[in-house]
There are 2 protein chains.
Amino acid sequence: MGPVPDKPTTTTQSDAYPLDAPSAYPAAEIARAWQRERPGIPTESIGIVTPLWRLAKLFADDRRKLLTELGVDPATLDLLSVLRRSGPPYEVNTRELARRTLVTAGAISQRVGRAEAAGLVLRRTERDGSRAVVVSLTKAGHDLVERTVDQVLTREAELVSSLKPDDRELLAGRLQVLLDDVRHRLEH
Amino acid sequence: MGPVPDKPTTTTQSDAYPLDAPSAYPAAEIARAWQRERPGIPTESIGIVTPLWRLAKLFADDRRKLLTELGVDPATLDLLSVLRRSGPPYEVNTRELARRTLVTAGAISQRVGRAEAAGLVLRRTERDGSRAVVVSLTKAGHDLVERTVDQVLTREAELVSSLKPDDRELLAGRLQVLLDDVRHRLEH
DNA sequence: CATGCTACGTTTAGGCCTAAACATTTAGAC
DNA sequence: GTCTAAATGTTTAGGCCTAAACGTAGCATG
């Protein structure tokens, strides 16, 4: 049966995993532990889903910390970035914002509300008497993006810099294919 | 310069992206949009980070919805799963829990508090007069894991079922390598 | 031009998390 | 032993998000 991972740790901390390796239990060990505890359970997904979640969390935590220093929060920068990237006149309606950021309409409404209160965006109706809302970037919002996005992307490029360009493209491609497939399955 | 993606969408929703493809702007287009708007900005990471975040969110949202139907929340099941996987006597101290779940000590404290109030776990000091806390699974907690984990893993196996075993292992391996490297970099 | 369905944005309630402040305990230095 | 510094678990404050309830606008049918 090989080594027994994920052993009970009643004693103190870390039998198998020293403190200086804060999260070193590969997904493979989680799958093995489930197989040991519940033989036959479908564990094929663990090797994909677990590292994927962990990577996402590491990137998100790191970005949040960097942005805190810069005086922004990730949700606001996400909103401003979509507007900035769309090019002049830096306007996008709220449906489109929800679609591009993968959050609910309610979340968009709150994000825009906060950003508007901070003077970073403006909100106006799409046409007279229309209910649709268009959000646009103010100068302050534009400036905020300009002085933060480079730092964020530079930092993240550093974090993935162990990947050689070919490997990076290969991984990016496979992730995109998987993403498209998962999205397709979720649409039923 | 090729096609111009991520065009302003002042008009209505979705010029280039119909509503029936709720999130179809590949990471590559985001990178191209940044290059168009801010030439020279380092965009290498986008192809990795963006699909990775989106996949993580799709999986997390789907799991949350499934678990809501089953009457649990993801955070609680995460806690119970670590305990269940550790094998008899289903006990893990709180430091170890924090390490394995990638959340802060405060979050663990709250998770355990909620689970304890729901009768799913017990909390006791590690030794007499000690400050260290050990969390253990109750029968109710054990039962809850038994009747939910199979469904969660089955569902997730379905979501990644487009990957052939070889592809799956390859991707899992590359993600784990990247995870280890990113973690290493974050330790400074 | 009613009627009812659908789409849309906002608001509210509740949940979970992080960061920081606390209160102890544990470990070292001398 | 004593004292200081580090480690540990909890609490609190504040932030962001989802789900659901609303109120209204758009629109097709008859």
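Letters A, B, ... mirror the listed sequences (proteins, then strands); counts begin at 1.
Summarising the geometry, the separation between CD on A:Glu69 and C1' on C:dT18 is reported as 15 Å, rounded to the nearest angstrom. Computed from coordinates, the A:Leu79 CG to D:dC17 C1' distance equals 15 Å when rounded to whole Å. Spacing between atom CG of B:Leu102 and atom P of C:dC17 amounts to 12 Å, rounded to whole angstrom units.
The residue B:Thr94 sits close only to the backbone: its heavy atoms come under 4.0 Å of sugar-phosphate atoms, none of a base.
In this model, the phosphate group of C:dG9 is not approached by any side-chain N or O of A:Ser109 to a distance below 4.0 Å at OP1 or OP2.
Nearest-nucleotide positions on DNA chain C place A:Ala105 closer to the 5' end than the other of A:Asp61 and A:Ala105.
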Between protein and nucleic acid, restricted to nucleotides 12-16 of chain D and to nitrogen or oxygen atoms under 3.5 Å apart, what atom pairs and distances do you find?
residue: D:dC16; atom: OP1; partner: A:Asp73; partner atom: OD1; Å: 3.0
residue: D:dC16; atom: OP1; partner: A:Asp73; partner atom: OD2; Å: 2.8
residue: D:dC16; atom: OP2; partner: A:Arg114; partner atom: NE; Å: 3.1

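Comparing D:dT11, C:dT18, D:dT18 by their nearest atom to the side chain of A:Arg64 picks out C:dT18. The side chain of B:Val133 lies closest to D:dG9, out of C:dT10, C:dC17, D:dG9. For B:Lys65, whose side chain is taken as the heavy atoms from C-beta onward, the closest listed nucleotide among C:dG9, C:dA19, D:dA19 is D:dA19. Of the candidates C:dT18, D:dT10, D:dT18, the closest approach to any side-chain atom of B:Val103 belongs to C:dT18.
The main-chain N or O of A:Leu120 is found under 3.5 Å from a side-chain atom of A:Thr138 such that the two form a donor-acceptor pair.
Sorted by first then second residue, the side-chain hydrogen bond (donor to acceptor under 3.5 Å, both in side chains) pairs that include residues 111-120 of chain B, not counting sequence neighbours, are B:Asp78-B:Arg111, B:Glu116-B:Arg123.
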Q.
Assess the residue pair A:Ser161 and B:Arg185 against the criterion (side chain to side chain donor-acceptor pair (under 3.5 Å)); give the C-alpha distance rounded to whole Å, side-chain angles, the decisive distance to 0.1 Å, and a yes or no.
A. CA-CA 10 Å; A:Ser161 62; B:Arg185 281 171 199 275; 3.2 Å; yes
